[in-house]
There are 2 protein chains.
Amino acid sequence: MKISNTKNKRPTLQDVADLVGVTKMTVSRFLRNPEQVSVPLQTKIADALEDLGYIPNRAPDILSKSKSHAIGVLLPSLTNQVFAEVIRGIESILEPAGYQTMLAHYGYSKEAEESRIATLLSYGVDGLIISESYHTERVRKMLSVAGIPVIEIMDSVSPPIEQAIGIDNQAAAYAMTQFMIQRGRQKIVYFAARMDQRTLFKIKGYEAAMHDNGLAPLCLKTNSASSFTLGAKFLKDALQQQPDTDGIFCTNDDLAIGALYACQKAGIKVPEDIGIAGFHGHDISRAMVPLLATVITPREEMGRLAAEHLLSRLQGNPVSQRIIDLPFQIEAGESI
Amino acid sequence: MKISNTKNKRPTLQDVADLVGVTKMTVSRFLRNPEQVSVPLQTKIADALEDLGYIPNRAPDILSKSKSHAIGVLLPSLTNQVFAEVIRGIESILEPAGYQTMLAHYGYSKEAEESRIATLLSYGVDGLIISESYHTERVRKMLSVAGIPVIEIMDSVSPPIEQAIGIDNQAAAYAMTQFMIQRGRQKIVYFAARMDQRTLFKIKGYEAAMHDNGLAPLCLKTNSASSFTLGAKFLKDALQQQPDTDGIFCTNDDLAIGALYACQKAGIKVPEDIGIAGFHGHDISRAMVPLLATVITPREEMGRLAAEHLLSRLQGNPVSQRIIDLPFQIEAGESI
DNA sequence: CCATGTTTTGTTACACGTAACATTATCATA
DNA sequence: TATGATAATGTTACGTGTAACAAAACATGG
C-alpha cells in the first residue's frame with residue numbers, strides 16, 4: 001500500500017482508499033454503485049471523498065475504454081451568431097445526455113481545419129460534428145481511421161462523409177431572389193463575404209434566379225468576415241457600379257442590416273427606393289424597424305438534430321438517413 | 001511483439017512500430033525529434049505514420065504527466081455576443097501557443113457551474129478561465145485541490161481566487177448614468193436582465209449616481225435572458241410606471257436596441273423625447289442609426305489578457321497582479 | 001584490431017480507474 | 001457447528017506514450 005502523496009498533486013482514488021483503509025477498487029465501486037459497498041464503509045468513503053475533494057480523472061477511461069464522453073464540435077467561427085445558435089442546439093441535447101462538448105474553430109482555413117480535427121481526435125472524442133461539406137483528403141482519412149461517427153451540418157447538398165444535416169442554400173437563395181423579383185425588383189445586387197462553400201451555393205442560387213428571369217446578376221464579393229460596416233461599404237460600391245440598383249440580397253443579416261443603416265444615413269428609402277433582404281433571420285432582424293426581409297433558417301434545430309443523430313449513432317444505431325434536408329422559410333418583413 | 005490489430009481500432013504507436021519493424025519507442029522518438037532516429041528509418045517511419053493515418057493520443061500524457069495542453073473556459077453563456085468576443089480574445093492567444101480550449105457554459109446556474117468545473121477538471125485541463133466573481137464553497141475547494149492556475153474574468157472588484165481581469169462594472173454604470181444626467185436626463189430608468197453579479201454591480205452604480213444627483217432610481221428587472229424583444233417590453237413597462245421617463249440605461253446593447261426600435265415604432269423620438277444608452281459597444285451599436293450611446297468594454301482584450309496571464313502562470317511565473325482593472329469608455333453616440 | 005566514445009535502438013516501469021477474476025467475511029440453514 | 005450461498009473486499013492486468021536506464025551498433029584513433 002502506498003503512503004498518501006506528499007506532493008500536492010490532486011488526489012487519486014488511491015489517496016481516498018488509503019485514508020479509509022481499503023483498496024481503490026472499493027472506492028471505485030462506491031463511486032459507480034454505492035450499494036455495492038457495506039453501509040459503514042459508505043459513509044467513511046463519502047467523507048474521505050469530500051475531505052480530499054476528489055475529482056475523477058477521465059484519462060484512464062479514455063485510455064482503456066476509448067470512451068471520453070466528449071463530442072468534438074468544429075465550426076468555422078464562434079463569433080458568428082449563426083454558429084452560436086447551432087451550438088446552443090447541440091448543447092441542449094448533449095449536455096443532459098452527459099456529454100461534454102469540445103468546441104474548436106478554424107477560421108475558414110482548411111489547414112487549420114486539419115489540425116483542429118487532429119487535436120480533437122487526439123483527445124479521444126467519441127463523435128464529431130463538423131461544418132462545411134468540402135474536406136481535404138487528409139481530413140477524410142483521419143476521420144475514417146478514427147472510426148467515430150461524424151455528422152456534417154449546415155449544408156444538405158454535397159454528398160456527406162456519413163451523414164449531413166442542413167439546408168439547401170442554393171434553393172434558399174433562389175427562392176428569395178425569385179421573391180424579390182416578384183415584388184418588382186430588377187437590378188438586384190448580391191453581397192457576399194467569407195467565400196465558403198455555403199456562400200458559393202447561395203450565389204449560384206441567386207444567379208440562377210436572375211438568369212431564369214432574364215436579369216443580369218451582379219455580385220460583390222470579399223473573403224473577409226462580414227460585418228455591419230462591410231454592408232455599408234458594399235452599398236456604396238453597388239451604387240457606384242450600378243446606380244439604378246433597386247434590390248440588395250445579402251449572404252447574411254449582418255451585411256443586410258449594415259446596408260440598411262447606410263441607406264438610412266444616405267437618405268435612401270427602404271423599401272421604396274431599394275429593397276433589402278438578409279439571410280438567417282436572427283433575433284434582431286425580427287425586431288428592427290423596418291423588419292428585415294430574410295430567409296429564416298433552422299439553426300438551433302440543426303444543432304439539436306445533429307446531436308440527436310450523433311447520440312443515436314453512439315448507441316450503435318446505423319445512419320438512418322444520409323441527408324436530412326431542413327426547410328427554410330422566406331420572411332417578407334418590411335424591407336422589400 | 002504484438003501482431004498488428006485486426007479490430008479496426010485506430011492505430012497506435014505499436015501498430016506503426018510493427019509496420020516498420022522497430023519498437024514503439026523509436027517511433028515515439030521520431031515524433032518528438034526526428035533527428036534522434038537514423039536517416040533510413042526516418043522515411044520508413046514517416047511513411048508508416050502516413051499509411052496508417054496515425055493520430056496521437058493525449059490520454060497517456062494526461063495520465064502520466066498531468067499535462068493535457070487543454071485550457072478550460074467556463075462562461076455563463078455562449079450565445080451572448082459579449083462572451084463570443086471574449087472567447088475570440090482567448091483563442092487568439094491559446095491557439096498559437098498550442099493549447100486546445102475546452103469550452104463549457106452553465107447558463108448562469110451555480111449548480112451547473114459546479115458540475116461543469118468538475119467535468120473540465122476531470123479532463124485534466126492545465127488551467128481554467130472562469131467568469132463571475134462569486135463561487136460556491138465546493139467550487140473553491142475543487143479549484144484549490146486541482147492545483148491549476150485559475151483566472152477570473154469580467155469583473156475587477158470582488159477579491160479573486162487567484163487573479164481577476166475585468167472592468168469595474170459599478171463604476172462604469174455610475175459614469176454612464178452621470179453622463180446622461182449631465183445631458184439633462186432626470187427620469188432615467190434602468191433595464192436589467194439576467195440578474196448576475198455583474199448586473200447587480202451595474203445597478204448599484206446606476207442607483208448611486210441617481211442618488212448623488214438627488215434623483216429617484218427606477219429599475220426594471222427580470223431573471224430571463226436579454227433580447228431585443230425584452231427591450232421593447234421593458235419600454236412599455238417603463239412608460240406605464242413612469243410616463244415622463246426621459247432616459248433609459250440598459251444593462252446591455254440588446255435591450256437598448258430593442259427599446260430604441262420600440263420607440264421608433266411608437267413614434268417616440270430618440271434622443272429628443274427619450275435618451276437611450278446601452279452597455280458593451282457591440283459592432284451594431286457602432287453602425288446603427290442613430291448611433292447608440294454605450295459603455296465600450298474591452299471584451300476581446302480581456303480574453304487575450306486572461307489567456308496571456310494563464311500561459312505565463314503555466315510557465316511557472318507567479319501571479320503578477322491579483323486584480324487587473326481594464327478601462328471602459330463612455331461613447332456618447334447619437335441616442336442620448 | 002582493440003579500446004573508447006557516440007549514436008541508435010530496445011526494455012521496463014509508470015500514470016489511474018475498472019473489468020474480470022480471486023479471495024475472504026458473513027449469514028442462514030441443516 | 002458445519003456447509004454452502006451470498007455479500008464484501010482484494011488482486012491482477014490493461015490501455016498508450018514516454019522517461020529513464022540498458023544494450024547494441026557503429027565510429028574513431030592509436
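Side-chain atoms are counted along with the backbone in the values below, which use heavy atoms only and exclude waters and symmetry mates. Throughout, protein chains are lettered first and strands after them, A, B, ... in sequence-line order, and every chain is numbered starting at 1.
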Is it true that the side chains of B:Arg58 and A:Tyr123 contain a donor and an acceptor less than 3.5 Å apart? yes

In whole Å, I'd like the distance from the CZ atom of A:Arg10 to the P atom of C:dC16. 10 Å

To the nearest angstrom, the CG-P distance between A:Leu31 and C:dC16 comes to 15 Å

What pairs with B:Arg88 under side chain to side chain contact (heavy atoms under 4.5 Å, CB included), at least two apart in sequence or on another chain? A:Thr79, B:Glu85, B:Glu300

Suppose we screen for side chain to side chain contact (heavy atoms under 4.5 Å, CB included). Which residues come up paired with A:Lys141, at least two apart in sequence or across chains? A:Val145

How close or far is atom C1' of D:dA7 from atom CD of A:Gln42, stated in whole angstroms? 13 Å

In this structure, how many angstroms lie between the P atom of C:dG17 and the CG atom of A:Asp18, rounded? 12 Å

Quick one: list whatever passes side chain to side chain contact (heavy atoms under 4.5 Å, CB included) with A:Ser92, sequence neighbours left out. A:Arg304

Short side-chain N/O contact to D:dT16 OP1/OP2 from B:Lys9, under 4.0 Å: yes

Gap between atoms NZ and P, on B:Lys65 and C:dC16 respectively (whole Å): 13 Å

Taking the axis from the first five pairs and the axis from the last five, what angle separates them in the helix from C:dC1-D:dG30 to C:dA30-D:dT1, rounded to 10 degrees? 50°

Rounded to whole Å, the CD-P distance (B:Gln14 to D:dG17) equals 9 Å

Residue list, side chain to side chain donor-acceptor pair (under 3.5 Å) with B:Arg198, at least two apart or on another chain: B:Glu132, B:Asp196

Does a side-chain heavy-atom distance below 4.5 Å link B:Ile93 with B:Leu311? yes

Counterpart residues, ring pair (Phe, Tyr, Trp, His ring centres under 6.0 Å), relative to A:His69 (two or more places apart): A:Tyr99

If only side-chain N and O atoms of A:Ser64 are considered, is one of them under 4.0 Å from the OP1 or OP2 phosphate oxygen of D:dC14? no

B:Ser312 meets the side chain to side chain donor-acceptor pair (under 3.5 Å) criterion, sequence neighbours left out, with B:Asn317

What are the residues of residues 54-63 of chain B, sorted by number, that bring a heavy atom to within less than 4.0 Å of DNA chain C? B:Leu63

Give me the distances for all protein-to-nucleotides 4-11 of chain C N/O pairs that come in under 3.5 Å?
{"unit_1": "C:dT9", "atom_1": "OP1", "unit_2": "B:Ser38", "atom_2": "OG", "d": "2.7"}
{"unit_1": "C:dT9", "atom_1": "OP2", "unit_2": "B:Ser38", "atom_2": "N", "d": "3.0"}
{"unit_1": "C:dG10", "atom_1": "OP2", "unit_2": "B:Thr23", "atom_2": "N", "d": "3.0"}
{"unit_1": "C:dG10", "atom_1": "OP2", "unit_2": "B:Thr23", "atom_2": "OG1", "d": "2.9"}
{"unit_1": "C:dG10", "atom_1": "OP2", "unit_2": "B:Thr26", "atom_2": "OG1", "d": "2.8"}
{"unit_1": "C:dG10", "atom_1": "O6", "unit_2": "B:Arg29", "atom_2": "NH2", "d": "2.4"}

Output every pair passing salt bridge (charged side-chain N to carboxylate O under 4.0 Å, His left out) with a member in residues 152-166 of chain A, not counting sequence neighbours, ordered by first then second residue. A:Glu162-A:Arg313

Whole angstrom value for the distance that separates P of C:dA19 from NZ of A:Lys67: 13 Å

Whole angstrom value for the distance that separates C1' of C:dA15 from OH of B:Tyr123: 19 Å

Contacts of type side chain to side chain contact (heavy atoms under 4.5 Å, CB included), residue B:Glu91, not counting sequence neighbours: A:His105, B:Ile87, B:Thr101

Please table the atom pairs, donor to acceptor, closer than 3.5 Å between any side-chain atom in residues 41-52 of chain A and protein atoms at least two apart or in another chain.
{"unit_1": "A:Gln42", "atom_1": "NE2", "unit_2": "A:Pro34", "atom_2": "O", "d": "3.0"}
{"unit_1": "A:Gln42", "atom_1": "NE2", "unit_2": "A:Val37", "atom_2": "O", "d": "2.8"}
{"unit_1": "A:Thr43", "atom_1": "OG1", "unit_2": "A:Pro40", "atom_2": "O", "d": "3.0"}

